[in-house]
Structure formats: structure tokens, C-alpha cells
Amino acid sequence: MLKRIMQLTAAALLTLAAGTDATAQTLKFDARGEFKIVQFTDLHYQSRNPRSATALECIDAVVGAERPDLVVFTGDNIYARPADTAMTHIVDRIERHGVPYVILFGNHDHEQGMTRAQLYDIIRHGRHCLQPDRGSVESPDYVLEIADSKSAAPAALLYCLDSHSYPATKRLGTYAWLTLDQVQWYRERSRAYTAANGGRPLPAISFFHIPLPEFAQAAATEANVLIGTRMEKSCPPLLNSGMFCAMREGGDVMGIFCGHDHDNDYTTLYHDILLGYGRFSGGNTEYNHLPVGARVIVLYEGQRRFDTWIRTLKGDRQNVTVYPDSYVKDDWRKRPVKEKR
């Protein structure tokens, strides 16, 4: 198994930002101090299936309506052979919009006759792709920096991870987990960025395909505010390698966004981290019972808050919320009393 952790100094860790040698593009907060991300997930695209036209239409409609600064695809992008044709169709479609993007893998992408490494290299051919050279790693984890609106200094971070596919044996559950090497990888980079920022964690978001076990725990906590739709149980790995705990201790990650479970699009706050699903973005090539769409996330420069909502293919905006305010219950005892007239 390829080792994920390189022995790097804190300074060297900070060079592993977006576009290490992939692009000259810089992600940056705009003049209003805003940065918008669109998350597509579970396209399950099949190049020879007319039903997959919906996935490409969804990309066009949502990107056209939202005009994001970055697009993130969170896995299960392709779902039939030929894999190179399917992935190229997705890359070509997002390239039309001239928006920077990254494409993460799910548990099905590598099942269509090509390895993660081969698919990764196809994706990197895109002019606006921000994924770094993978080196000797099949599918690397990486950090995208969002620069301050007035300088090149990083003001926010996006951790992009590969959540793999399946364990070596069914005795260990149905789906794979983020490895201990990946947990250490996150810890090292989080600490390095925090140290470089004078000991203050930079606001961060994380993206990957398979939800953490904490997604199920959070949804089962009745006191939590849950916004959106939950029509199926979360399907996380059986084993918990501690990534949520690491991110909570790191203090930078505000939200974790995944895909995988097609009939879920909810968000809920768990120990101060928002756990959220995207919206199923594909056609009828796999099960789905929600209107096709995508998740939108708007970060605010210098603030530990963000807005998020669902934009559907038909143009509706659903489940508009603010982190963390929308998920914190007020004290009903302190509500103002209306005077009787």
C-alpha cells in the first residue's frame, strides 16, 4: 500500500495547496469577502445511457444559476464503461463553464475498468482542474487554499480526501474508512496552517464521499436540529478511525460534506461541526427520490460562519441555513414577552 504521509517540515506542508503544479489559478475571496462553492455528488454517469443527460443538465443549470468560485464533485461520478469516455464527458461539461474544480472519488468510480490513478490523470488534463500532481500516490489527499481578498495569504482551507471504497473483508463492514495515515495527514497540515496563522485555526471545510460514523450518531441524537431530508440510514464505515475527533481537536473544520447516500441531503450540527450531505446530482441510473440538484456553500472571509442551501435542477433554492446559527436552539425562557393590548 502506498504511504500517504511524507516527512515534511511545517513550512513545506504549506506548499501543498491547490495547483502545486497543476494550475496558476488562485482561489480567492471576492471584494465582498465571499467565496461560493457548488458540490455535485453521485452523478452515476453512464456515457451510453440517455438517462445520464440529466447529470450534465444539472451541472449546466446549477453552475449557470449560482456562478460559483469553485466546484467540488464528491464521488461516484461514473457508473459504466468505458470509464475514460464517461469521465471525459464530465470534465468537458464543467470545463465549458470556466470554473475551477476538483473531482473526488467514491466507491464506484474505479469499478468501471480503470484505476483511480488512471482516472485522476484524465481529470487533471482539464484546464481548470486544481488537483495537484499525484506523484506516486494513486489518489492523493490535498488542501485547497482560499486567499485573503486583499493579499495572497490563506484565509480559509478546503480539505479534499479520498474515502476509498470497501474493506478487505466483509467482517469489517460494507465500506472503507479514512485511514490512520490520513488522520495523521490532516493533523500535520492543520497544525502547520494554525501555527503559520499565529496559533489561530483558519476556517476550513472538508469534502469526501463516504460519510463518517458520526453522521449516523448525529442523526440519531434527537436533540439535534436536522434540516433537510433523511430518507435512508447513513451508510458509514463500521470502524471509526478518529477523523472527526481529529478535526474537532484541530479547531479549523467548520463543516464536513459528503455524498454516498442518495436519499439524504440533510445538515446537522454535531459538537460544533456541521455534518452535511450534498444533493443527488445524477439521472435515473441509480436509486434516488429527491429532486436532482446540488449543494451550495458560501464562506465569509475572516469569519467562522457560512451559508448553505440546495439548488435544484429546476431552479429552486431549498433548505437555506446559516452555520452555526440555524442549528443552535434558543433559550425559550429568554424570548421576549408580547405585551397585551
Side-chain angles (χ1 to χ4, degrees), residues 37 39 41 72 74-75 104 141 156-161 163 173-180 182-183 185-187 189-190 194 201-279 290 295-300 303-310 318-332:
I37 304 166
Q39 176 200 2
T41 195
V72 179
T74 52
L104 308 179
D141 304 322
L157 305 172
L158 305 176
Y159 293 101
C160 301
L161 306 174
S163 57
T174 303
Y175 297 107
W177 49 91
L178 296 172
T179 67
L180 295 180
Q182 287 175 288
V183 175
W185 175 92
Y186 160 75
R187 286 185 182 276
R189 279 147 187 80
S190 176
T194 297
L202 289 170
I205 297 289
S206 184
F207 293 98
F208 44 91
H209 181 69
I210 300 174
L212 299 174
E214 283 80 6
F215 274 67
Q217 296 167 16
T221 303
E222 294 183 357
N224 282 357
V225 176
L226 188 150
I227 299 174
T229 302
R230 182 175 185 254
M231 286 198 293
E232 63 174 314
K233 291 182 179 179
S234 299
C235 294
L238 178 63
L239 300 187
N240 191 334
S241 57
M243 183 61 85
F244 181 88
C245 183
M247 290 181 171
R248 181 64 184 83
E249 289 181 345
D252 53 354
V253 174
M254 302 180 292
I256 299 171
F257 293 94
C258 299
H260 191 53
D261 301 327
H262 304 177
D263 283 346
N264 292 337
D265 72 350
Y266 63 83
T267 50
T268 187
L269 193 65
Y270 195 60
H271 299 293
D272 300 322
I273 295 178
L274 193 69
L275 301 181
Y277 284 97
R279 170 67 72 87
L290 291 167
R295 177 166 291 283
V296 182
I297 302 163
V298 179
L299 303 176
Y300 294 95
Q303 302 182 52
R304 291 193 60 81
R305 76 178 181 94
F306 60 86
D307 298 341
T308 186
W309 61 85
I310 299 296
Q318 302 175 355
N319 305 331
V320 181
T321 67
V322 177
Y323 167 89
D325 297 355
S326 299
Y327 303 90
V328 179
K329 294 180 179 179
D330 71 332
D331 186 343
W332 60 270

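A donor-acceptor contact shorter than 3.5 Å is absent between the side chain of S190 and the backbone of Y186. No donor-acceptor distance shorter than 3.5 angstrom exists from the side chain of T267 to the backbone of G276, with no hydrogens or angles considered. Panel note: side chain S241, backbone L178; a donor-acceptor pair is recorded below 3.5 Å. Not one N or O on the side chain of T268 forms a donor-acceptor pair closer than 3.5 Å with the backbone of A219. A side-chain donor-acceptor contact under 3.5 Å links N264 to the backbone of E232.
Screening residues 219-229 for side-chain hydrogen bond (donor to acceptor under 3.5 Å, both in side chains) gives no qualifying pairs among residues at least two apart or on separate chains. Note on residues 238-255: pairs passing salt bridge (charged side-chain N to carboxylate O under 4.0 Å, His left out), not counting sequence neighbours, are R187-E249, R248-D272. Within the structure, every pair that satisfies the salt bridge (charged side-chain N to carboxylate O under 4.0 Å, His left out) test and touches residues 253-267, not counting sequence neighbours, is listed here: D265-R279.
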**Request:** Could you walk me through whether V72 and I37 pass the side chain to side chain contact (heavy atoms under 4.5 Å, CB included) test, one step at a time?
**Result:** CA-CA 7 Å; V72 179; I37 304 166; 4.0 Å; yes
**Request:** Would you please test C235 and Y175 for side chain to side chain contact (heavy atoms under 4.5 Å, CB included) and show each step?
**Result:** CA-CA 8 Å; C235 294; Y175 297 107; 3.9 Å; yes
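Using a 4.5 Å cut-off on side-chain heavy atoms (C-beta onward), L269 and V225 make no contact. Between L238 and W177, the closest side-chain pair of non-hydrogen atoms is not below 4.5 Å. Side-chain contact between D141 and Y159: absent, with no pair of heavy atoms (C-beta onward) separated by less than 4.5 Å. Side-chain contact between Q318 and W309 is absent, with no heavy-atom pair separated by less than 4.5 Å. Side chains of I205 and M254 form a contact here, defined as non-hydrogen atoms less than 4.5 Å apart. The side-chain heavy atoms of V322 and F306, taken from C-beta on, include no pair separated by under 4.5 Å.
T308 pairs in a side-chain contact (heavy atoms from CB on, under 4.5 Å) with only one of the listed residues (I227, L299, I297), which is I297.
What you find for G251 and P201 is that their closest heavy atoms are O-CB, 3.5 Å. Contact record, C160 with L104: CB-CD2, 3.8 Å, taken as the closest heavy-atom pair. Of all the heavy atoms in A218 and L275, the pair that sits closest is CB-CD1, 4.0 Å. C258 and F215 make their closest contact through SG-CZ, 3.9 Å (heavy atoms, listed as atom of the first residue, atom of the second, distance).
Shown here are the side chain to side chain contact (heavy atoms under 4.5 Å, CB included) partners of D330, two or more places apart in sequence or in another chain: R335. A search for ring-ring contact (aromatic ring centres under 6.0 Å, His included) contacts involving Y266 returns Y277, not counting sequence neighbours. Taking the side chain to side chain contact (heavy atoms under 4.5 Å, CB included) definition, one finds that T41 meets it with Q39, T74, H209, sequence neighbours left out. Not counting sequence neighbours, the partners of P213 by the side chain to side chain contact (heavy atoms under 4.5 Å, CB included) test are Q217, P236, P237, N240. In this structure D331 satisfies the salt bridge (Lys or Arg N to Asp or Glu O under 4.0 Å) test together with R333, sequence neighbours excluded. A search for side chain to side chain contact (heavy atoms under 4.5 Å, CB included) contacts involving Q303 returns Y300, R305, not counting sequence neighbours. Among residues two or more places apart in sequence or in another chain, the side-chain hydrogen bond (donor to acceptor under 3.5 Å, both in side chains) test is passed with T321 by Y327. Shown here are the ring-ring contact (aromatic ring centres under 6.0 Å, His included) partners of Y270, two or more places apart in sequence or in another chain: F244.
Between atom CD of residue Q182 and atom OG of residue S163 there is a gap of 8.0 Å, rounded to the nearest 0.5 Å.
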